[in-house]
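The structure appears below as structure tokens.
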Amino acid sequence: MRSEVMNIETIGIPQALLTYRFHLMWKTFFNELGLTVIESRPTDSALLARGDSLSSDESCLASKVFIGHVDDLIDRVDAIFVPSYASVSARQGFCTKYQALPDMTANIFRDSHTPIVSLLIQDMSNAKEAQSAYIQLGEQLGRDKHKAKHAYKTALKAQRAADAQAVKAQELQLKKVSRLRQSAQEASAAGPLVILVVAHPYISHDAYLAGPVLEALMETDAYILFADETDKKKAFKESFRFTETMPWLISRELIGSILMLQDQIDGIVLISAFPCGPDSMTNDAIMRYIHGTPILNLMIDAQSGTAGIQTRVESFMDILRFQQKGGYLHG
């Protein structure tokens, strides 16, 4: 990372990790500053293999994928954006990899001539602190405070609008499913099955990582919902019914989404990237706490094949269909 004013025209954004949560905000911010944003190519086997070769063996799959995306941008842009999200707030923290990401990236690519541009968000719940961090970033990129502040507000508005649209789309899909179920019930037929995919956005919305799972679900004509597309503030608040002590913000949002949607879904598919520390605790707790809704727990890693995943998904859906027809009795 460099603290002096930088003269750059293009900035790269790796399509991994928190990009799937803040992509529009980051891209809008840099565009408003007059920079051209270049994104890394979609995840594929070659990109993952490259990230794996550059990373330590102890790194999680998601981190290895991120490094592969950074490598894809090296020497193609004037700088690469790698933010740092810390864990000051006791209930809205992030995995430590997010805090260390700029330093880790700079160390891995220390022989590269492409600099790392970053910003530090200490506390996600502190709006003034976040704004200040973005303004400092804008100034580091040679823009005045007024322009940086305007860029931040425009970017925040765009991100919030996109999040609201995702929530609205999910609500409309649930209303559609409710109508289909009502029609099926009137015709004494089996209604549609609704599956909630519970995973970090960098998994569930990465076509390479979650694609085989989603494709297998779609082949069964299931309706797919994503836990990260539930209203985040409501889900976070709801998560306290599950636990008072969990420190990770995204895990809380995913758990809260399960609690909010449990009565409207038929099954849950948990997807984790090996060996995710927060998920190893969170998913185990979900399996123990959530009752009455079948759960399929999937772990993906660099060596995973798609055949086993497809078979497990098909078996899971067969069980749900059998249960829908009254095949299982619950006490």
Side-chain angles (χ1 to χ4, degrees), residues 13-33 37 39 62 81 83-87 89 91-95 98 119 121-134 137 149-177 194-207 209-210 214 223-240 242 246 248-262 264-265 268 271 278 282:
I13 296 182
Q15 297 300 290
L17 294 180
L18 288 178
T19 301
Y20 284 95
R21 182 185 178 95
F22 300 116
H23 171 267
L24 187 56
M25 182 168 183
W26 296 345
K27 185 174 183 178
T28 303
F29 177 75
F30 290 124
N31 284 338
E32 287 292 316
L33 294 181
V37 173
E39 301 166 351
F81 180 59
S84 175
Y85 283 77
S87 301
S89 178
R91 301 295 178 265
Q92 300 189 61
F94 288 89
C95 172
Y98 293 119
L119 86 163
I121 303 294
Q122 290 279 7
D123 186 353
M124 273 284 294
S125 63
N126 191 325
K128 290 184 178 179
E129 180 182 297
Q131 177 177 282
S132 177
Y134 275 91
L137 175 58
K149 184 176 182 179
H150 173 76
Y152 169 75
K153 289 186 174 182
T154 302
L156 182 61
K157 182 179 179 180
Q159 185 65 60
R160 286 176 173 172
D163 291 343
Q165 182 58 38
V167 172
K168 182 178 180 180
Q170 180 175 270
E171 291 174 346
L172 290 174
Q173 188 168 8
L174 284 169
K175 289 180 179 179
K176 177 182 178 181
V177 170
V194 181
I195 303 300
L196 180 65
V197 174
V198 181
H200 289 267
Y202 58 72
I203 297 176
S204 57
H205 300 297
D206 186 307
L209 297 180
L214 300 181
Y223 281 81
I224 303 173
L225 304 178
F226 294 96
D228 65 286
E229 293 182 348
T230 305
D231 186 292
K232 291 179 174 59
K233 289 185 178 179
K234 291 181 179 179
F236 176 79
K237 183 177 180 180
E238 191 74 9
S239 72
F240 284 86
F242 181 89
M246 181 170 290
W248 304 297
L249 172 64
I250 296 177
S251 297
R252 279 197 170 278
E253 292 171 348
L254 296 177
I255 288 171
S257 178
I258 293 174
L259 298 179
M260 291 173 63
L261 298 174
Q262 189 175 6
Q264 303 176 72
I265 60 177
I268 297 169
I271 313 176
T282 301

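Residue numbers start at 1 and run along the sequence shown.
Closest approach of A133 to I121, counting heavy atoms only: CB-CD1, 3.8 Å. Residues C95 and W248 share a closest heavy-atom pair of N-CD1, 4.1 Å. The heavy-atom pair separating L254 from A199 by the smallest distance is CD2-O, 3.7 Å. Across S204 and V197, no two heavy atoms sit closer than the pair CB-CG1, 4.2 Å. Pairing each heavy atom of A155 with each of M25, the nearest pair is CB-O, 3.2 Å. When all heavy atoms are compared, the tightest approach of L196 to A227 is CD1-N, 3.6 Å.
Inter-residue side-chain proximity for F81 and L119 is flagged as met; some heavy-atom pair is nearer than 4.5 Å. Using a 4.5 Å heavy-atom cutoff, the side chains of Q264 and V194 are not in contact. Between L174 and L225, some side-chain heavy-atom pair lies under the 4.5 Å cut-off.
Checking side-chain atoms of K232 against main-chain N and O of D228 turns up a donor-acceptor pair under 3.5 Å. Within the 3.5 Å criterion, the main-chain N or O of I13 finds a donor-acceptor partner in the side chain of Q15. A donor-acceptor pair under 3.5 Å is formed between the side chain of Q159 and the backbone N or O of R21. With hydrogens and angles disregarded, a donor-acceptor distance shorter than 3.5 Å links the side chain of T19 to the backbone of P14. The closest donor-acceptor contact from the side chain of E129 to the backbone of D123 lies under 3.5 Å.
Interatomic distance, I250 CD1 to Y202 OH, rounded to the nearest 0.5 Å: 7.5 Å. Once rounded to the nearest 0.5 Å, the distance linking CG of L24 with NZ of K157 reads 12.5 Å. Note that CG of D163 is 10.5 Å distant from NZ of K233, once rounded to the nearest 0.5 Å. In this structure, E238 CD and L259 CG are separated by 5.5 Å, a value rounded to the nearest 0.5 Å. The structure places CG of L261 at 13.0 Å from CZ of F226, a figure rounded to the nearest 0.5 Å. Rounded to the nearest 0.5 angstrom, I268 CD1 and Q262 CD are separated by 6.0 Å.
Ring-plane geometry between H205 and Y20 is classed as parallel, the angle between the planes falling under 30 degrees on a 0 to 90 degree scale with a further cut at 60. Using cut-offs of 30° and 60° for the angle between ring planes, the Y134 and Y152 rings count as tilted. Between F22 and W26, the ring planes are tilted. Angles from 30° to 60° get that label.
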Q: In sequence, state the C-alpha distance, the side-chain angles, and the governing distance for F29 and V37, and then conclude on side chain to side chain contact (heavy atoms under 4.5 Å, CB included).
A: CA-CA 10 Å; F29 177 75; V37 173; over 6 Å; no

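With a 6.0 Å cutoff to the six-membered ring centre and a 45° limit on the axis angle, R252 does not count as a cation-pi contact of F242.
With no hydrogens or angles considered, no side-chain donor-acceptor pair links T230 and E253 at under 3.5 Å.
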